[in-house]
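Okay, so here's the structure we're looking at.
For reference, positions follow the sequence shown, starting with 1. What you are looking at is a predicted structure, and each value in this text was computed from that prediction instead of being measured.
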Amino acid sequence: MKKIFIALLTLCAVSRTQAQDLVKYVNTLQGTDSNFGLSYGSTYPTVGLPFGEHFYSPQTGKNGDGWKYQYTAKTIRGFQQVHQCSPWMGDYNVFSLMPIEGELRVNEDKRASAFKHENEIAKPSYYKVKFDNGITTEISPVERGSHMRFTFSGAGDAYLVFDGFLKECDLQIIPEQRKIVGYVKNGTFIPGTFKGHFVIQFDKPFVRYGTYAGKDQAITKDSKTSKGTGVGAYLQFKKGSVVQAKMASSYISPEQAQLNLDTELGKYTKLDDTKKAADAVWNKLLGRIAVEGGTEEEKATFYSCFFRSNLFSRKFYDINKEGKPYYYSPYDEKIHEGYMYTDNGFWDTFRTQFPLDNIIHPEQQGRYMQSLLDAQKQAGFFPTWSNPGMSGVMLGNHAISLLTDAWAKGVRNFDPKQALEAYYHETTNKGWWGGSNGREGWKEYFALGFVPVGEVYESAAKTLEYAYDDFCAYNLAKMTGNDFYMNIYARQMYNYRNMFDPQVGFMRGRLPDGTWRPDFDPIEWGGPFTEGNSWQYSWSVFQDVAGLANLMGGEKKFAEKLDTFFSMPSSFKVGSYKQEIHEMKEMVIANMGQYAHGNQPCMHVAYLYNYARQPWKSQAKAREVMEKLYNATPKGFPGDEDQGAMSSWYVISAMGLYSVCPGTDQYVLGSPIFNKTTITLENGKKFTIVANNNSKKNVYIKSATLNGKPLNHNFITHADLINGGEMVFEMSNTPNTSRGIADEDKPFSLSKAN
């Protein structure tokens with residue numbers, strides 16, 4: 001009996017271990033079949049830990065190409081340290097290693113080696129490729145570095161080529177220590193004193209070594225140092241060697257880079273040990289949302305998206321000898337104590353990724369919110385797309401959305417008065433970095449109630465974004481009893497009304513005298529809008545969907561317009577873009593009317609039927625989007641997967657939830673993919689979502705309960721979720737047109753609330 005009991009315990013332990021192996025579902029090649037003209041994600045096969053300071057990736061594109069890895073490529077030219085959050089923003093602090101055999105070739109084109117995808121493994125914790133020439137490269141990550149292993153075939157002399165990339169590099173080879181140390185300084189938005197200090201430790205001695213430099217990449221044998229633009233180094237090893245390289249970096253100092261290596265990689269002798277530890281980190285995180293039921297393909301899509309939703313924002317701090325966080329600031333170029341995060345564009349992510357993080361990572365969110373206020377103090381303005389510091393790219397002042405959403409959902413370790421004061425400065429000034437550094441057109445916006453067409457591009461889109469952000473400031477002030485800022489933003493949050501022309505039934509641009517911009521066509525892209533048209537932007541009133549419905553003639557006409565939006569031809573006019581851009585192509589490929597899920601302003605629209613007494617249409621439409629537009633393949637996304645924005649949409653939608661209006665405490669209901677989803681919260685509680693009789697056809701909610709009580713509302717609150725409990729749906733293949741249709745069942749809207 002004792003032996004049987006032990007065997008049963010062992011079997012249970014094995015079963016639990018197998019159940020925890022969720023990394024197997026993740027395909028980091030998801031979204032890599034992309035190019036400048038058409039995006040299925042524009043991703044690269046990231047090797048890294050959650051929100052790690054440094055990631056790693058194979059490189060198929062030329063140095064400096066935003067599409068650093070493309071699935072259609074036939075060769076790899078290096079294995080990079082990367083930080084890129086979008087191909088449109090470029091990368092920074094880049095260097096690479098590349099194994100070659102035979103003749104020494106340092107040029108990135110000449111050293112490129114052929115490979116096949118069947119000889120490739122791409123997981124968060126481990127990347128492996130065997131080249132056609134027999135050389136194998138493997139990578140496993142830590143937070144501030146990586147462990148690489150190169151297995152040479154023995155067919156010729158074995159070399160590793162270090163590429164210092166396009167701009168400044170200062171390197172030193174230390175043969176007696178089997179090291180390369182130095183720094184790189186490259187990137188578009190980097191501050192003047194920025195440096196990425198690195199140390200690379202090898203486990204095999206060098207047979208020969210040297211450096212190269214300049215446009216002609218002239219090789220200097222036996223050279224130990226090189227500094228300049230386009231410099232690099234080579235190391236020769238014994239034929240047929242298996243060489244391990246441990247690398248770590250720091251933006252603070254060479255000493256901190258070495259400390260990072262010692263602290264994070266010192267305990268791992270073999271790459272297999274590093275991989276095992278990285279697997280454990282990812283399995284623990286992925287296990288925070290455990291799904292049951294569904295197909296293997298749906299699980300692969302879910303966990304591949306969940307992986308991507310936990311990469312950005314990236315940690316931008318190190319841990320010192322005393323175990324305390326500190327960082328080099330990309331905003332004031334000084335060293336500060338505390339936490340800092342970077343590589344995120346809030347226009348993309350305020351809608352999806354940050355609301356998901358408030359569920360999964362509230363402790364980190366608290367650190368992040370304080371880092372936002374620190375960044376604002378150091379730079380004079382909030383970052384809007386940090387890469388790693390200020391860029392001013394895109395539009396809106398969405399840092400206030402992050403702060404307000406965090407506060408509404410219980411993350412309250414920052415000073416709300418400081419946040420509101422910083423936001424007031426943001427809304428009454430224009431900074432020196434781009435359109436979203438401060439507020440373009442702020443004087444006209446306050447005086448006229450809208451940004452007029454003219455000197456400020458994308459004026460209608462900016463008015464709509466500003467009105468939502470002003471609502472967030474109003475709501476933060478309301479939640480914290482700050483009447484002063486409530487009064488300032490109480491009127492501005494309704495400025496969306498000034499963009500709606502009742503004669504045409506759409507949002508459109510206005511001239512400074514208040515007249516409408518002529519030659520209006522709702523399918524014309526650009527002009528007053530950003531990467532979209534009026535059909536798509538006319539729904540961008542997250543804070544007052546009921547008020548928007550009133551403008552459109554009431555709930556019935558609002559719902560009819562939604563029906564038309566999803567069913568009309570996917571035609572477009574290129575407008576001010578003067579050519580077909582990839583977002584237009586992606587809308588046509590999706591073939592869901594004017595719905596352009598690949599671009600952010602449309603991401604919430606499927607859920608708007610919940611506000612018009614037709615929640616069953618939101619249930620069906622959300623499932624259709626997930627089923628049709630997402631998968632775990634290299635063509636896995638319907639557009640740019642910007643910093644987790646699109647993947648987070650899928651993760652939270654697959655649970656049957658969505659945050660239509662970040663800055664409130666509500667999640668609007670959709671239709672869950674899986675029969676059962678269990679969220680393990682940081683507070684130790686669990687929230688379970690059960691969908692009985694669920695299937696690809698049974699997408700409609702017949703009835704629902706929350707903790708055993710009937711749930712007719714089309715929403716739940718953050719408190720419902722974070723306190724733990726169970727929400728149960730009974731699913732059906734036919735709509736229940738009598739559920740969720742009362743006034744009190746509608747989610748939050750300003751007009752309803754007031």
Aromatic contact, Y630 with H597 (centres under 6.0 Å): yes
Within 6.0 Å of NZ in K417, more than 12 heavy atoms from elsewhere: no
M727 side chain near M655 side chain, heavy-atom distance below 4.5 Å: no
Distance flag, aromatic centroids of Y496 and F471, threshold under 6.0 Å: no
pair N712-E744: side-chain heavy atoms closer than 4.5 Å: no
Verdict with reasoning, I359 to K409, per side-chain contact (heavy atoms from CB on, under 4.5 Å): CA-CA 8 Å; I359 298 172; K409 292 167 181 171; over 6 Å; no
Over-ring placement of R314 relative to F55, 6.0 Å and 45° cut-offs: yes
Test salt bridge (Lys or Arg N to Asp or Glu O under 4.0 Å) applied to E560 and K617, step by step: CA-CA 11 Å; E560 289 172 351; K617 290 184 179 179; over 6 Å; no
F346 side chain near S401 side chain, heavy-atom distance below 4.5 Å: no
Within 45° cone and under 6.0 Å: K561 NZ/CZ vs F506 ring: yes
Cation-pi, F566 ring and K621 (6.0 angstrom, 45 degrees): yes
Distance flag, aromatic centroids of W616 and Y609, threshold under 6.0 Å: no
Salt bridge (Lys or Arg N to Asp or Glu O under 4.0 Å) between K696 and E627, intermediate numbers included: CA-CA 9 Å; K696 290 182 181 294; E627 178 73 21; 3.1 Å; yes
Any side-chain heavy-atom pair of Y40 and I589 under 4.5 Å: yes
Donor + acceptor pair across side chains of T349, N344 (<3.5 Å): yes
